[in-house]
There are 2 protein chains.
Amino acid sequence: MPRQVDHDLRRRQIAQAVWRLATRGGLEHVTLRQVATEAEVSARLLQYYFGTRDRLLLGALEILNADAEQRAGQRLAELGEAPGMRALVRGVLWELLPLDEERRTRHLVYAAYFIPFVTDPALASAARDSPRALEDLVSGLLDQGRQSGEVPPEVDTEAESAFLVAGAIGLQTSVLLGQHSPEQAVELIEHRLDGVFAPSLG
Amino acid sequence: MPRQVDHDLRRRQIAQAVWRLATRGGLEHVTLRQVATEAEVSARLLQYYFGTRDRLLLGALEILNADAEQRAGQRLAELGEAPGMRALVRGVLWELLPLDEERRTRHLVYAAYFIPFVTDPALASAARDSPRALEDLVSGLLDQGRQSGEVPPEVDTEAESAFLVAGAIGLQTSVLLGQHSPEQAVELIEHRLDGVFAPSLG
DNA sequence: CTCTTTATGGTTCGATCGAACCATAACACG
DNA sequence: CGTGTTATGGTTCGATCGAACCATAAAGAG
């Protein structure tokens with residue numbers, strides 16, 4: 001063989017080029033030649049590592065998803081040993097906000113893939129399952145919080161978790177469009193968490 | 001002249017073809033030839049009515065916005081003479097949900113334009129102003145509701161209106177992705193309106 | 001020291017893109 | 001009854017696209 005090379009690293013290097021191009025001009029600017037130039041490799045390598053363009057787009061998305069999951073778990077672990085339900089829910093919701101360059105890029109890439117998510121059956125499943133799992137996760141955390149007394153018993157955990165996640169996603173797009181600052185988004189989520197974790201306020 | 005023709009009608013006919021193609025394959029599938037075929041006109045007409053492709057995309061978006069505003073006003077007017085603040089807020093939020101084919105198409109088109117909204121300065125302004133105005137509108141309605149007693153005085157109308165709009169937008173994407181049914185989205189919004197319009201529940 | 005496999009660069013092909021250009025039929029107006 | 005403007009169809013051009021193909025250097029296996 002030639003100089004042995006880390007395939008996963010190469011694939012990641014190429015995937016990152018896809019992300020950058022997608023965030024700049026949408027999928028329509030993600031052409032093989034552009035990606036090759038952006039990743040500083042020959043166009044031939046894209047074929048070698050991903051084959052066709054469709055599989056390149058799919059592969060870049062899978063790497064993005066893996067990254068997202070890993071980084072999210074990492075950040076949640078950094079909350080300490082017994083974080084409390086409110087901190088955990090906040091941590092989960094913050095993953096949905098573009099609070100740093102990494103998450104901003106990630107959510108912009110998802111936005112670029114949105115139409116394929118809706119129309120392409122191959123991608124639809126991934127898009128359908130992931131945020132639904134998030135909602136169940138938050139719902140489970142709220143249930144735990146109710147048992148530990150952090151959440152008052154009259155709270156509808158199903159509805160509240162669903163609306164919390166929906167609100168976070170709405171704030172995500174709002175921040176990406178420049179309508180709200182990241183700080184405003186955090187503040188609004190905190191205000192809603194006040195409503196869920198303390199019964200007296202609406 | 002040749003047979004006098006309604007220019008606005010023609011432009012609308014072409015714009016609708018753009019919308020359909022954008023919802024199916026994203027902006028990357030909105031090519032001049034595809035649009036011409038879809039609209040059943042010659043490619044030459046696209047140049048005649050819109051000029052370049054960029055201006056076609058911009059024009060199609062402007063027509064979509066005009067339609068949205070008109071239909072929204074129409075539906076809100078159908079609420080009757082003195083609808084009450086809750087009904088008005090609900091009506092505004094429902095405009096953000098894909099509750100019928102028209103609104104589903106509209107929001108899918110916006111999704112297809114999302115990356116340009118973020119990156120292209122020409123489109124950024126339109127995207128930045130519109131939902132912000134919505135938020136102010138809801139906020140104003142909540143203020144009126146507080147004066148009329150429909151909304152309890154301790155409610156933070158700024159924060160609640162912002163999170164209501166964010167939640168509706170999050171539910172919009174959720175419904176488009178097939179994670180929630182339109183009925184579920186309506187129900188979740190109703191649950192949150194319960195919290196804003198009645199002080200006892202969180 | 002071959003030989004085969006692996007990783008990579010470069011080139012080419014048919015299709016399609018956006019845009020400019022050429023032609024002309026339809027009709028109002030003088 | 002021209003005649004010039006308006007609306008439309010068709011064609012063409014250079015660029016670029018995705019993908020297949022050809023070539024070869026590097027390195028482990030025998």
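Chain naming here is simple, since letters A, B, ... match the order of the sequence lines and numbering starts at 1 in each. Since the model is a prediction, treat every value here as computed from it, not as a measurement.
- The backbone N or O of Leu96(A) sits less than 3.5 Å from a side-chain atom of His107(A), completing a donor-acceptor pair.
- Within the nucleic acid shown, His29(A) has no heavy atom closer than 4.0 Å to any nucleic acid atom.
- The two atoms that bring Arg132(A) and Gln179(B) nearest to each other are NH1-O, 2.8 Å, heavy atoms only.
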Checking side-chain hydrogen bond (donor to acceptor under 3.5 Å, both in side chains) for the pair Arg44(B)/Gln47(B): CA distance, chi angles, key distance, verdict? CA-CA 5 Å; Arg44(B) 176 66 182 78; Gln47(B) 288 183 293; 4.6 Å; no

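- Listed pair Tyr48(A) / dT8(C) fails the phosphate criterion, with no side-chain N or O lying under 4.0 Å from OP1 or OP2.
- In terms of phosphate contacts, Ser42(A) brings no side-chain nitrogen or oxygen within less than 4.0 Å of OP1 or OP2 of dT8(C).
- Here the side chain of Leu32(B) is nearest to one of dG9(C), dG18(C), dC17(C), namely dG18(C).
- A donor-acceptor contact under 3.5 Å is formed by the side chain of Arg44(B) with the base of dG9(D).
- The side chain of Arg33(B) places no N or O atom within less than 4.0 Å of a non-bridging phosphate oxygen (OP1 or OP2) of dA15(C).
- Distance, Leu9(A) CG to dT8(C) P: 11 Å, rounded to whole Å.
- Between the P atom of dA19(D) and the CZ atom of Phe50(A) lies a distance of 14 Å, rounded to the nearest Å.
- Salt bridge present: Asp67(A) and Arg12(A) bring a charged side-chain N and a carboxylate O closer than 4.0 Å.
- For Leu46(B) and dG10(D), the CG to C1' distance is 14 Å, given to the nearest whole Å.
- Candidate nucleotides dT8(C), dT8(D), dG18(D) were compared by shortest atom distance to the side chain of Thr31(A), and dG18(D) ranks first.
- The NE2 atom of His7(B) sits 4.0 Å away from the OH atom of Tyr49(B) when rounded to the nearest 0.5 Å.
- In terms of phosphate contacts, His7(B) brings a side-chain nitrogen or oxygen within less than 4.0 Å of OP1 or OP2 of dA7(D).
- Look at CG on Leu27(B): it is 15 Å from C1' on dC17(C), rounded to the nearest Å.
- The phosphate of dA7(C) has neither OP1 nor OP2 within less than 4.0 Å of any side-chain N or O from Tyr49(A).
- Distance, Leu45(A) CG to dT24(D) P: 18 Å, rounded to whole Å.
- The distance from atom CD of Gln47(A) to atom P of dG10(C) is 14 Å, rounded to the nearest whole Å.
- When rounded to the nearest whole Å, the span between CD of Gln34(A) and C1' of dG18(D) equals 14 Å.
- Rounded to an integer number of Å, the gap from CD of Glu40(B) to P of dT8(D) is 15 Å.
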